[in-house]
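Taking it in order: structure first as structure tokens, then the write-up.
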Amino acid sequence: MPNNIYLPKPGRIAHIKTEVEGNRAIKTFQVTFADGDGFEHACGQCAMLSVFGKGEMMISIASSPLIEDYKQFSVMRVGRVTSALHDLEVGDVIGVRGPYGNDFPVEAWQGKNLVLIGGGCGLAPIWPVVQTVVARRADFGAITVFYGGRTSRDIMYRSELEKLRSDAEVHLSVDSEEEGWEEFCGFVPANIVAQEPSPDNAIAITCGPPIMIKFVITNLKNLGFADEQIYTTLENKMKCGVGKCGRCNVGKDYVCVKGPVYSWADLKDLPQEF
Ligand SMILES: Cc1cc2nc3c(=O)[nH]c(=O)nc-3n(C[C@H](O)[C@H](O)[C@H](O)COP(=O)(O)OP(=O)(O)OC[C@H]3O[C@@H](n4cnc5c(N)ncnc54)[C@H](O)[C@@H]3O)c2cc1C
Ligand code: FES
């Protein structure tokens, strides 16, 4: 049967990994579906997850479309529904509807150098691109990943990032100096200035807190990246996810339909309501 994006499907939590602990805890959930209930997605798309009796929330699909066995979601505990999800255990069932939104034009980037820049939980929407281009390593040029957390304890996908070093240049950062931390100390945009990624034949994607995105884009522009070479994703609050409720609009765009992926060339002319 074709996938009905309006219908939540029961998804079983098959694996849970605690990425970050504390009051901004992040957990990664791998969710599996009964035969015939799975669905395809593209890099950058999202799904509406429901915790029964608590509510729904839009979450990026944080696994590559090349992985068919499960969908992965990395979720920061910020409020009612995210907390309820964090309290679930392996074997529990959630609702999953989607996929929603547009996607990163990964096929069009074949042969390009990719600069992938994340902060905090903002590595999750970028991760499907990382997994996909690494799995198809020969199709792409140099891969450079910048990622920062407030402290070393806030760095998600830590072991995956270490493994990534064999396929990509990885630049990690923490906001301020820390005993034992040997990589960059300072905000992610400052690490961009320090490393000076080249705009030649390159595409940059950035996702994270809005203030980080703003300064990353400024610094990329200063390095010579054109608006068309810079992509980001918007995480406006969403309710329906399908262009009906008007909750997520930026100017005339419903981000759940037109986004969440935008090139800076498209985004810079929209009202700065994000
Ligand atoms: C396209 C998209 C992709 C997303 N991907 C992820 C992801 O991969 N991982 C992840 O952890 N989160 C992601 N989010 C954010 C996630 O949807 C919210 O954190 C979640 O809905 C909060 O639900 P809650 O009931 O726990 O919080 P609530 O109880 O509703 O709110 C708790 C606090 O968080 C604030 N808040 C709620 N929603 C948002 C939001 N969208 N943006 C900023 N602040 C918000 C509220 O104002 C409040 O201060 C994404 C959002 C969108 C729109
Ligand atoms: S979330 Fe309802 S219109 Fe976008």
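Whatever order the structure lists ligands and atoms in, that order sets their numbers, starting from 1. Since this is a predicted model, take the numbers as computed values, not measurements.
The angle that Cys248 SG and Cys256 SG make at atom 4 (Fe) of ligand 2, rounded to 10°, works out to 100°.
A side-chain donor-acceptor contact under 3.5 Å links Thr132 and Ser64. A donor-acceptor contact closer than 3.5 angstrom links the side chains of Asp253 and Tyr262. Between Ser263 and Glu228, the side chains place no donor N or O within less than 3.5 Å of an acceptor N or O (distance only, hydrogens not considered).
Interface atoms of ligand 1 facing Met238, defined by a heavy-atom separation under 4.0 Å, are 1 (C), 53 (C). Near Gly243, meaning under 4.0 Å from one of its heavy atoms, ligand 2 places the atoms 3 (S). Less than 4.0 angstrom separates some heavy atom of Met57 from each of these atoms of ligand 1: 20 (C), 21 (O). Of all the atoms in ligand 2, the ones that sit under 4.0 Å from a non-hydrogen atom of Lys244 are 3 (S). Near Lys239, meaning under 4.0 Å from one of its heavy atoms, ligand 2 places the atoms 1 (S).
Contacts of Ile26 with ligand 1, taken as heavy-atom pairs under 4.0 Å, are absent altogether. Counting heavy atoms under 4.0 Å from ligand 1, residue Lys237 touches it through both backbone and side chain. Counting heavy atoms closer than 4.0 Å to ligand 1, residue Cys121 contributes side-chain atoms (C-beta onward) but none from N, CA, C or O.
Linking Ile, Leu, Val, Met, Phe, Trp and Tyr whenever their side-chain heavy atoms come within less than 4.5 Å puts Leu270 and Val216 in one cluster. The hydrophobic cluster containing Trp109 does not contain Val115, counting ILVMFWY residues as joined when their side-chain heavy atoms lie under 4.5 angstrom apart, directly or transitively. Both Ile155 and Trp127 are members of a single hydrophobic cluster when ILVMFWY side chains are connected at heavy-atom separations under 4.5 Å.
The nearest heavy-atom contact from the protein to atom 31 (O) of ligand 1 is Gly79 CA, 4.3 Å. Distance from atom 11 (O) of ligand 1 to its nearest protein heavy atom, with residue and atom name: Met76 N, 2.7 Å. In terms of protein heavy-atom proximity, atom 53 (C) of ligand 1 is nearest to Asn236 O, 2.8 Å. At the top of the distance list for atom 3 (C) of ligand 1, counting protein heavy atoms only, stands Ser60 OG, 3.5 Å. At the top of the distance list for atom 29 (O) of ligand 1, counting protein heavy atoms only, stands Arg80 N, 3.0 Å. Counting only heavy atoms of the protein, atom 9 (N) of ligand 1 lies nearest to Ser74 O, 2.8 Å. Of all protein heavy atoms, the one closest to atom 25 (O) of ligand 1 is Val81 N, 2.9 Å. Scanning the protein for heavy atoms near atom 3 (S) of ligand 2, the closest one is Gly246 N, 3.2 Å. In terms of protein heavy-atom proximity, atom 50 (C) of ligand 1 is closest to Met58 O, 3.1 Å.
The closest approach between a heavy atom of Cys46 and any atom of ligand 1 is below 4.0 Å. Residue contact check for ligand 1: Pro125 places no non-hydrogen atom closer than 4.0 Å to it.
At a cut-off of 2.8 Å, Cys245 is not counted among the residues with an N, O or S atom near atom 4 (Fe) of ligand 2. Within the 2.8 Å limit, Cys240 places no N, O or S atom next to atom 4 (Fe) of ligand 2.
Across Lys27, Gln45, Glu235, heavy-atom proximity to atom 4 (C) of ligand 1 is greatest for Glu235. In this structure, of Thr233, Val78, Thr28, Thr82, the residue bringing a heavy atom nearest to atom 33 (C) of ligand 1 is Val78.
When side chains are defined from C-beta on, Met156 counts as touching Ser74, because their heavy atoms get closer than 4.5 Å.
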Query raised in the report: Passes salt bridge (charged side-chain N to carboxylate O under 4.0 Å, His left out), Lys268 versus Asp227? Steps please.
Result: CA-CA 8 Å; Lys268 70 175 184 164; Asp227 295 339; 2.8 Å; yes
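Within a 4.0 Å radius of atom 18 (C) of ligand 1, the protein has no heavy atom. Put simply, atom 39 (C) of ligand 1 has protein non-hydrogen atoms near it, under 4.0 Å away.
Taking a cutoff of 4.0 Å between a charged side-chain nitrogen and a carboxylate oxygen, Lys237 and Glu56 do not qualify as a salt bridge. Under 4.0 Å is where a charged nitrogen must lie from a carboxylate oxygen, and between Arg77 and Asp87 at least one such pair does. Under a 4.0 Å N-O distance rule, the pair Arg136/Glu107 qualifies as a salt bridge.
Using modelled atom types, no side-chain atom of Glu19 and backbone atom of Lys27 make a donor-acceptor pair closer than 3.5 Å.
Taking the six-membered ring wherever Trp is involved, the centroid distance between the rings of Trp264 and Tyr231 does not fall below 6.0 Å.
For the pair Lys71 and Phe39, the distance from NZ or CZ to the six-membered ring centre is under 6.0 Å and the angle to the ring normal is within 45 degrees.
The number of heavy atoms from other shown groups lying within 6.0 Å of NZ (Lys239) does not exceed 12.
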